[in-house]
Structure formats: C-alpha cells, structure tokens
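Proteins come first, then strands; the chains are lettered A, B, ... in the order of their sequence lines, and each starts at number 1.
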Protein chains: 2
Amino acid sequence: MPRLDSDQLLQFAATLPGWQLRPDALRRSFEFPDFVAAIQFVNDLAALAERQGHHPDIDIRYNRVSLTLSSHDSGGVTERDVTLATAINQLKSA
Amino acid sequence: MPRLDSDQLLQFAATLPGWQLRPDALRRSFEFPDFVAAIQFVNDLAALAERQGHHPDIDIRYNRVSLTLSSHDSGGVTERDVTLATAINQLKSA
C-alpha cells in the first residue's frame, strides 16, 4: 500500500479531528479521568487494532494514552492508518 | 519516601533480574508471542499497579512492553518502585 504524501494527508484533515497528521506518522493523545479508564480504552483500542490487523504504538502515562500510527512496511502513513485513526475517534466518542 | 542512591540500588540487583537499575528510574522490557499476549500482560500489570497505588509508564510496541518505574514525587527511585518491580517479575514468571 503506497504511503500518503502531505497533499493526500490534507484531504483527511477534516475527518480526523485531534490527530497530528505527518507523512511519517499520525499521532494523538487521549486523556481519561484515571488510570483504570485509560486501561479500559487501551483494551477497546487493542480489540479494534487486532480486528484491523494493524497495531499502533501505545504509550500509557497514568491517565493519558498517546498513540502513533504508521505503516512500517510502507515507510510512512497509508490509508490503513487513516482507517484505524478514524475508527479510534469513533471509539473515543462512543 | 526517600529516593535510593546507587549504592542502595545495588543491594537490590540480585533480587531484580532483568531490570536496568538507575537512580532516576527502573526499566525493563518484556517480549510476548504476539500483541494479544502483550495486552493481557498489560492488564495483569495494571491490576497490580492499581492495587499498589503506583503506576509505571507503559510503552506497547506490538508484542513488546517496556516499563519505566519512578517515584516522581521523590525525584527518583524509591522502595515503592523496587516493590512494584519485584511483583512484576513474579507476574511474568507466573
């Protein structure tokens, strides 16, 4: 799957609120009331990632979860990352 | 709780196999067969951390989980970190 360049990424800006869009990776942090809520989100996210066969880097700092999405085999961001980021936003707003 | 200096940390070296012991933080990475197994470990670890009221930084990279333990309010490693690291080792070998 081809990596997306900056112009292509810009087309997704409107549909990916909250995400930092860069050709090398998509990044977003989420904050929760506490550690337990953060871990619950990680579990929901993990189930989603496993279903899509695409796994973000996940950094947990107490009640804050930071995600980095990249398609390492393509050397940057692809539509797979955009699809996963969109689903993660739906998860958070659910 | 006072932070431990290098000499004090050395006393724990024998009982904390696998951990990188530094006065600022204790660090260890664990590898698992796959992402699902890594997430299961994070859940077990999260329950343990919540019980101890002490929460490590947790970085998940597919099947690898890297932990950083530090007592931020003490400005470095304390016995709370050593206690949690010991319990994590027992978790992994369980």
Hydrophobic cluster identity match, V36(B) and L84(A), side-chain contacts under 4.5 Å: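 No, separate clusters.
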Path from W19(B) to L10(B) over hydrophobic side-chain contacts below 4.5 Å: no
Sort by residue number and list every residue of residues 57-72 of chain B having at least one heavy atom under 4.5 Å from chain A. D57(B), I58(B), D59(B), I60(B), R61(B), Y62(B)
Distance, nearest 0.5 Å, that separates NE2 of H55(B) from CG of D34(A):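 If I round to the nearest 0.5 Å, the distance is 8.0 Å.
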Closest-packed option against chain B by number of heavy-atom pairs under 4.5 Å, given A46(A), P56(A), A38(A): A46(A)
